[in-house]
There are 2 protein chains.
Amino acid sequence: MKRATLRDIAQAVGVTVATVSRALKDYPDIGSATKQAVLAAAERLHYAPHPLAVKLRQKAYKVVGVVVPQIVHPFFSGVISGIVDVAEAQGYHVILSQSDESYEKEIRVTQMLQATGVDGLLVCLSDQTVDVAHLQALQAYDLPVVLFDKISSALDASTVVTNDFQGAYDATAHLLAQGLTRVAHIKGPAHPENTRQRYAGYLAALAAYGLPPRPEYVAECQHVVHAEGFAFAQQFMALPEPPQAIFAVTDAVAVGALMALRQAGLRVPQDVALVGFSDWAVCELLDPPISSVAQPGYEIGRQASELLLREIQQLRDDEPVAHAHRVLDATLRVRQSSLRAADFSPAVR
Amino acid sequence: MKRATLRDIAQAVGVTVATVSRALKDYPDIGSATKQAVLAAAERLHYAPHPLAVKLRQKAYKVVGVVVPQIVHPFFSGVISGIVDVAEAQGYHVILSQSDESYEKEIRVTQMLQATGVDGLLVCLSDQTVDVAHLQALQAYDLPVVLFDKISSALDASTVVTNDFQGAYDATAHLLAQGLTRVAHIKGPAHPENTRQRYAGYLAALAAYGLPPRPEYVAECQHVVHAEGFAFAQQFMALPEPPQAIFAVTDAVAVGALMALRQAGLRVPQDVALVGFSDWAVCELLDPPISSVAQPGYEIGRQASELLLREIQQLRDDEPVAHAHRVLDATLRVRQSSLRAADFSPAVR
DNA sequence: ATGAAAGCGCTAACAA
DNA sequence: TTGTTAGCGCTTTCAT
């Protein structure tokens, strides 16, 4: 059945479209007889206002676009959830795209999003993205952009990120505070800012405890996977003076390390303490449960969404748009994998 | 800066909007001089066509809405990813909403989605949804709806689901085929169709092996969580004749059971074999890795998306809309938790 | 090669 | 109380 329009109702009732329009949104001055007739006709014809026409007329689209590297990822799905909740509370909708960590696809989807007419964009850059001209182009067309998680200083835009430095510092300090002095770190690749921050936090904590960094206690992942954690843990344990603790850049790496340690017959945390990063659900389920640094994914989504909606509003009101830079604290969740026995018992017996 | 329109360019160049419109999409008959001027002006004014105006004119919105109970969920994020990939490949965008497993919110978001003007809807019903009048209302307005995962036969619509019966049958048969005869099942709540299907698959496999169901080997979860798996595993092991294997309705429940078995000093799989359902990432990481039945989330999303887009097309072409019902196979992933020692060693020694 | 004009479906200021 | 008119921004037929 063809979609009914105001005109269809107008013809059926024998009035003009203007009258129908008013009757449908109970205007003050409207004859109750015609109103009834209009309402009845609308019902009968399955009338629903054409949203595009309304939006065009009122110049309010109320849709924002989101680009993440991957949708299937515990961190990003949390971020998306936060974005959607805030946006919907303000009457906005969220269009979702993934870049698959590809620079080319990121360009493609941002342009598609623009072509759809979104009011603004929330973007987490792909690992491959070095140039941000595609985003600057959007800004040139008065489309506000907010970056989150993986950001670029080359773009003049609001940003929301986790405080990776502080999270890593806390994790390392937690190990050092228990009297451990030989703490190793399995770090991420050299490039991305967030893994660099985690490394920096590790070094800063060592320095705070007056411990010089030991190169043999630092390993660098290429792909940040399970297998690397496994291999590097073995490598550490083969050292003449093996570390007493390992801080891993990611939970996947920490899990790999745990497997290696277990296989080597070492007890966690009694022989080697372990801390991961991201606080995946798996941390709680392993034996022993792994300590990890939780990233506030949902909150990052919320704040990024709020910043974007605010900028959209400012732009609409011809107010100056102020960019904000939010850095949200990470939270160390201490579990058994990093608590030395002494911490369980009341005192030395 | 105010958004530039065709008229702005027309005034700047000194032609009419029609000419500008043609110049911008290189029409055959267009003076190269004016064309250059128009292009230059468009560039200078940061012109971009107003998407809503274009869509209104061309009557093609190209956006579909998705409603899932929760975005942060490994299964649903996989489904969403499949939906987005298919939709984008066909030039559609995806608007995402979550019902938070609330019937009221599900109604609210579907109505919001309709008001935004989506061309169709992909819906996974919330656990609380019993009535589907809100979806029938959408259909009455010529808006196609496709249900996936949690569906309702009360709605005359296409559906895409996992073959839970077959998945459960395979899991149970895999245990029975190894010569185990005492296989227990921790089932889900009585109501939802998919957990009922899993129970039915379990029973069918027992029957196929000529084994009568034993009531003491079946437990029913209320919330389908970790703790329930833990408690029921303990309960099973306290039986005079404890089961040799446990098939759990969900991985969370299986993990709980694993913890209980390990704590009781039982070896998995030598003393008790274990199989879960859903194939969460955690299954591979545990010790021993847990066998599980994988649900094709991404593929469910793909097919649901394809069905919806096809129906949208059929509706636009005034063709009859054919509803389809897809049931996708689940895949048993056998890991160490369900492989008896005999399967590892060449023979009895 | 370009202009004039109609219209997508809706809203709202102004008239009557 | 209702109709008339203009217009959101764009496309496209029909003139010229």
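Quick note on labels: first sequence line is chain A, next is B, and so on, each numbered from 1. Note that these values count all heavy atoms, side chains included, but never hydrogens, waters or copies made by symmetry.
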Atom pair CD (E311(A)) and OG (S158(A)), whose distance is rounded to the nearest 0.5 Å = 4.0 Å
Working to the nearest 0.5 Å, report the span between CD1 of I300(A) and OG of S305(A).
->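 Going from the CD1 atom of I300(A) to the OG atom of S305(A) covers 13.0 Å.
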How close or far is atom [atom2] of [N] from atom [atom1] of [X], stated in whole angstroms?
X      : N      : atom1 : atom2 : answer
K55(B) : dG7(C) : NZ    : P     : 24 Å
H50(A) : dG7(C) : NE2   : P     : 18 Å
L56(A) : dC8(D) : CG    : C1'   : 4 Å
L45(A) : dG9(C) : CG    : P     : 14 Å
Q58(A) : dG9(C) : CD    : C1'   : 12 Å
I9(B)  : dG9(D) : CD1   : P     : 13 Å
Y61(A) : dC8(D) : OH    : C1'   : 16 Å
L24(A) : dG9(C) : CG    : C1'   : 13 Å

What's [X] touching, base or sugar-phosphate or nothing? Going by heavy atoms closer than 4.0 Å.
X      : value
T16(A) : base
R7(A)  : sugar-phosphate
K25(B) : sugar-phosphate

Please state whether the rings of H73(A) and F75(A) are parallel, tilted or perpendicular, taking 30° and 60° as the class boundaries.
->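 Ring orientation of H73(A) relative to F75(A): perpendicular.
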Count the heavy atoms of every other residue, nucleotide or ligand shown that sit under 6.0 Å from CZ of R7(A), and state whether that count exceeds 12.
->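 Counting other residues, nucleotides and ligands, CZ of R7(A) stays at 12 neighbours or fewer.
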For dC8(D), does OP1 or OP2 lie under 4.0 Å from any side-chain N or O of T5(B)?
-> no
Between dG9(C) and K59(B), is there an OP1 or OP2 to side-chain N/O distance shorter than 4.0 Å?
-> yes
With the side chain of [X] defined as its heavy atoms from C-beta on, choose the nearest nucleotide among [options].
X      : options                 : result
A53(B) : dC10(C), dT2(C), dG9(D) : dG9(D)
Y47(B) : dA4(C), dC10(D), dC8(D) : dC10(D)
I30(A) : dT2(D), dG9(C), dT12(D) : dT2(D)

Relative to the 5' end of DNA chain D, which residue comes earlier, R22(B) or A48(B), by the nucleotide with the nearest heavy atom?
->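 Final value for this comparison: A48(B).
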Give a yes or no on whether the backbone of M112(A) and the side-chain of T116(A) come within a donor-acceptor separation of less than 3.5 Å.
->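 A pair under 3.5 Å: yes.
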Closest to the 5' end of DNA chain C, once D29(B) and L6(A) are matched to their nearest nucleotides, is D29(B)
